[in-house]
Number of protein chains: 2
Amino acid sequence: MAIDEKKIAESVAWRPGGAVKRAEQALMAEKSRVLRPFGLTVPQYAAMYALSLAPGISGAKLARLCSVTPQSMATVLKTLESRGLVERRPSSDHAQVLVTRLSRAGQALLRKADAEAVAVERRLVDAFTPDEIALLRELLERAVVVLAGTGHDDGADSF
Amino acid sequence: MAIDEKKIAESVAWRPGGAVKRAEQALMAEKSRVLRPFGLTVPQYAAMYALSLAPGISGAKLARLCSVTPQSMATVLKTLESRGLVERRPSSDHAQVLVTRLSRAGQALLRKADAEAVAVERRLVDAFTPDEIALLRELLERAVVVLAGTGHDDGADSF
DNA sequence: AGGCGTACATCAGGGCTTTGATAGTTCGGG
DNA sequence: CCCGAACTATCAAAGCCCTGATGTACGCCT
């Protein structure tokens, strides 16, 4: 067997998209690993982290900060709320929005989990020179612009 | 309102992980968009593409090629099979493995879908110089090594 | 004041992904 | 010869994520 497995693997992997995918996967895997002891998933951690920076934000805004849809954020928040890590209550001035904040337990858990999560990013950053990190970020941002700017014509960049 | 929204957004986005995540997301979103008319999701397309390069491969190997778990690949293949795009039959020499190949309809659909998918990657590649692409790939691969090489000690690299 | 556009939350449905566990197959060493 | 290691497929349970569609609340503009 093994038709040409090596060759095939290369054919599949050569696309830039594959490299991005694998990097994202590796990142998620590693973060999941360090977050698991706290019973948190990566999206849950991300939501709590954003929430620590912007207490009382609406679910929709939180979703935008975390780059997910409001629906995804809703499910994440629902589980977090069921565990008592966040609290949601109707806003006083906007009957429609639910004000969300970390509970005390949530803050305490986040503090510990954040240390681990930051350590992962740090391991990553430390493996490169500052120039390389800046370059990587710049290239990725450019890729986002190219990809997002095609097709539905958001404009915003041209001119 | 808008506590410091700008600032917050930056705080969330500064981490290298965020850049990778957004790039991957933009890529997925754009690929999904061009694949939608064919009724294919990105994982489905990826599986069919790999299958076109390695006809009759086992589900487990296919999963490895696509960088997903065998379970994920199983669900993908199940839907593809239910649509008659792939065919699975027990192997003659390995009673356990299911030999999977594209059906004629699958081949035809892949040919059309692939053109669109390749065009997306091409738009991406064309936005950079060859040097930049190579650099991006190199940096990402290095990130994968750093992240994957920590914690569970696969070894394999350190002499 | 009434209407329209914007924003928020949520329901419904389809898919992907992961961890954990079960079970049959193949092959090689003891 | 039998057993264990490696591989394959699959079930089950939890979550996440997306598209599409509803219903409601706010604010501005006419």
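Chain letters run A, B, ... following the sequence lines, proteins first, then strands; residues in each count from 1.
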Toward the 5' end of DNA chain D, by each residue's nearest nucleotide, B:Ala74 or A:Gln44: B:Ala74
Pairing residues for A:Glu87 by the side-chain contact (heavy atoms from CB on, under 4.5 Å) criterion, not counting sequence neighbours: A:Ser103
For A:Arg88, all residues meeting side-chain hydrogen bond (donor to acceptor under 3.5 Å, both in side chains), sequence neighbours excluded: A:Thr100
hydrophobic_cluster_shared for B:Leu53 and B:Val99, side chain cutoff 4.5 Å: no
Sugar-phosphate or base contact per nucleotide [nucleotides 18-29 of chain C; S, B, -; heavy atom under 4.0 Å]: BBB---BSS---
Report all side-chain donor-acceptor pairs from residues 106-120 of chain B shorter than 3.5 Å, counting only partners two or more places apart or in another chain.
residue	atom	partner	partner atom	Å
B:Asp114	OD1	B:Tyr45	OH	2.4

Whichever of B:Lys21 and B:Leu98 has its nearest DNA chain D nucleotide further upstream toward 5': B:Leu98
Spacing between A:Glu81 atom CD and C:dT10 atom C1', to the nearest angstrom: 14 Å
Closest-nucleotide 5' rank along DNA chain C - winner of A:Thr100 and B:Arg83: A:Thr100
Sequence-distant partners of B:Glu138, side-chain contact (heavy atoms from CB on, under 4.5 Å), two or more places apart: B:Leu135, B:Arg142
Separation of atom NZ in A:Lys31 from atom C1' in C:dT17, rounded to whole Å: 18 Å
For atom CE of B:Met28 and atom P of C:dG15, their distance in whole Å: 15 Å
Length of the line joining B:Leu40:CG and C:dC16:P, which is rounded to integer Å: 10 Å
side-chain hydrogen bond (donor to acceptor under 3.5 Å, both in side chains) involving B:Ser72 - partner list, sequence neighbours excluded: B:Thr69
Sugar-phosphate only, base, or nothing, as touched by A:Thr41 at under 4.0 Å among non-hydrogen atoms: sugar-phosphate
For A:Ala127, side-chain contact (heavy atoms from CB on, under 4.5 Å) partners two or more places apart: B:Val146
Pairs meeting criterion salt bridge (Lys or Arg N to Asp or Glu O under 4.0 Å) with involvement of residues 66-83 of chain A, two or more places apart: none
Segment of DNA chain D, first to last nucleotide, that comes within the 4.0 Å heavy-atom reach of chain B: D:dT8 to D:dT19
Interatomic distance, B:Leu35 CG vs C:dC16 P [rounded to whole Å]: 12 Å
Gap separating the CG atom of B:Leu35 from the CE atom of B:Met28, nearest 0.5 angstrom: 10.0 Å
